[in-house]
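Quick notes on the structure that follows.
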Amino acid sequence: MNAESNQVEKLFTRADGAYVFARWGRPIVPVVFGVDEATLAVFKGAIEAVVVLAGHKMDEVDTELGANLMMFFCRDWAELAEVPHLDKLVPDLGPLVDKLQRADANQYRIFRFDEAGAIRAAFVFLRMDAHLEAVSADTLALSQAVQTILLWSDKAFDDMPPLAMIAGQSVLRPEIANVIRAAYDPVMPKAAQDASHALRLAARIPQPS
């Protein structure tokens, strides 16, 4: 196994040592709650850009859920309990809110999967604390779009974030962009739990000239 496949493997190897990969198995239909129209446009634009990068699709409606990528912004985690019907989408909402409050977290993502293991829905929760307030809408939107286009490891970006700053603008790191493109290659599986999958991904990543 070469160094590149090792790096790819780390992106999908969880803290417990399990290799778990999944990509979306259906067109993405995003909806964003708790932001103004301008911020909504920024987030939808970032999601569309990452979806295009992946060679995947977006749609106007998901036949099962209406929308399948739902982002919720709040100032306090307790606000989530007041969102109508959210407890039906997230059955353990009460314990989750308690957990996020205890951890003083500012973001959390939940994925749902279909019978084949592909992503069928994702829920993103963002609490706008001082740290996230300091991040531009463009950067926050691109970061969240990247982190929901695949099921990354819970430790994938501990050492290096998926974005880099170039001339004051946040851009997706080329190595992460290459992994996303490779992951959505039509011949690749929508889900995998064997590290040999990382070898196949790495084989589809262009080598630097």
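As the structure is a computational prediction, the values presented were derived from the model and not from experiment. Atom set for the values below is all heavy atoms of this structure, side chains included, hydrogens, waters and symmetry mates excluded.
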Checklist entry - Should we say atom CD of E37 is surrounded by more than 12 heavy atoms from elsewhere, each under 6.0 Å from it? => result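 Incorrect, the count does not exceed 12.
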
Going by side chain to side chain donor-acceptor pair (under 3.5 Å), name the residues that satisfy it together with [X], two or more places apart in sequence or in a different chain.
{"X": "D98", "answer": "none"}
{"X": "R14", "answer": "none"}
{"X": "D194", "answer": "S196"}
{"X": "D16", "answer": "none"}

So which atom in [X] and which in [Y] form the shortest heavy-atom distance, rounded to 0.1 Å?
{"X": "A15", "Y": "D154", "value": "N-OD1, 3.1 Å"}
{"X": "V42", "Y": "A137", "value": "CG1-O, 3.7 Å"}
{"X": "L93", "Y": "A81", "value": "CD2-CA, 4.2 Å"}
{"X": "T13", "Y": "S153", "value": "O-OG, 2.7 Å"}
{"X": "I47", "Y": "I28", "value": "CG2-CG2, 4.4 Å"}
{"X": "V29", "Y": "G66", "value": "CG1-O, 3.4 Å"}

Checklist entry - Considering residues at least two apart in sequence or located in another chain, which fulfil the ring pair (Phe, Tyr, Trp, His ring centres under 6.0 Å) criterion with F21? => result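 F21 satisfies ring pair (Phe, Tyr, Trp, His ring centres under 6.0 Å) with F12, H197 only.
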
Measure from the side-chain N and O atoms of [X] to the backbone N and O of [Y], and report whether any donor-acceptor pair falls under 3.5 Å.
{"X": "S5", "Y": "L199", "result": "no"}
{"X": "S143", "Y": "T139", "result": "no"}
{"X": "D138", "Y": "Q169", "result": "no"}

Next on the checklist: Walk me through whether L201 and L11 qualify under side-chain contact (heavy atoms from CB on, under 4.5 Å).
Outcome noted: CA-CA 11 Å; L201 278 180; L11 293 172; over 6 Å; no

Item to check | Residue pair F123, L96: steps toward the side-chain contact (heavy atoms from CB on, under 4.5 Å) verdict | outcome: CA-CA 13 Å; F123 304 90; L96 174 61; over 6 Å; no

Checklist entry - How about L132 and F73: do any of their side-chain heavy atoms sit closer than 4.5 Å? => result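 Heavy-atom side-chain distance check fails, nothing below 4.5 Å.
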
Item to check | Linked, directly or transitively: M58 and W24 (ILVMFWY side chains, under 4.5 Å) | outcome: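 Yes, it is one cluster - the side chains of M58 and W24 are joined through contacts under 4.5 Å.
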
Checklist entry - Under 4.5 Å between side-chain heavy atoms, hopping through other hydrophobics if needed: is there a path connecting I149 to V31? => result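 As far as the 4.5 Å side-chain criterion goes, V31 and I149 are not connected within one cluster.
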
Throw together a table of side-chain donor-acceptor distances under 3.5 angstrom for residues 104-116, partners on residues two or more places apart or in other chains.
| unit_1 | atom_1 | unit_2 | atom_2 | d |
| --- | --- | --- | --- | --- |
| D104 | OD1 | R127 | NH2 | 3.0 |
| N106 | ND2 | D129 | OD2 | 3.3 |
| Q107 | OE1 | R109 | NH1 | 3.0 |
| Q107 | OE1 | Q144 | NE2 | 3.0 |
| R109 | NH1 | Q144 | OE1 | 2.9 |
| R109 | NH2 | Q147 | OE1 | 2.8 |
| D114 | OD1 | A116 | N | 2.9 |
| D114 | OD1 | G117 | N | 3.0 |
| D114 | OD1 | A118 | N | 2.9 |

Checklist entry - Can you list every ring pair (Phe, Tyr, Trp, His ring centres under 6.0 Å) pair that touches residues 52-72, not counting sequence neighbours? => result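 Every pair satisfying ring pair (Phe, Tyr, Trp, His ring centres under 6.0 Å) with a residue in residues 52-72: F33-F72, H56-Y184, F72-F125.
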
Next on the checklist: Under the criterion side-chain contact (heavy atoms from CB on, under 4.5 Å), I'd like the reasoning laid out for V124 against L69: C-alpha separation, chi angles, the key distance, then a yes or no.
Outcome noted: CA-CA 8 Å; V124 179; L69 172 53; 4.2 Å; yes

With sequence neighbours excluded, give me every salt bridge (Lys or Arg N to Asp or Glu O under 4.0 Å) pair touching [range].
{"range": "residues 42-68", "result": "R26-D62, R26-E64, E64-R120"}
{"range": "residues 81-95", "result": "none"}
{"range": "residues 175-186", "result": "D185-R204"}

Checklist entry - Please walk me through it: do M128 and C74 pass side-chain contact (heavy atoms from CB on, under 4.5 Å)? => result CA-CA 6 Å; M128 297 305 290; C74 63; over 6 Å; no

Next on the checklist: According to side chain to side chain contact (heavy atoms under 4.5 Å, CB included), who are the partners of A78, at least two apart in sequence or on a separate chain?
Outcome noted: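 Partners of A78 by the side chain to side chain contact (heavy atoms under 4.5 Å, CB included) criterion, ordered by chain and then number, come out as D76, Q101.
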
In Å, rounded to the nearest 0.5 Å, how long is the span from [atom1] of [X] to [atom2] of [Y]?
{"X": "L126", "Y": "M71", "atom1": "CG", "atom2": "CE", "answer": "7.0 Å"}
{"X": "K190", "Y": "R23", "atom1": "NZ", "atom2": "CZ", "answer": "6.5 Å"}
{"X": "K155", "Y": "D158", "atom1": "NZ", "atom2": "CG", "answer": "4.5 Å"}

Item to check | ILVMFWY cluster membership beyond V171 - transitive side-chain contacts under 4.5 angstrom | outcome: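 Besides V171, the cluster holds I166.
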
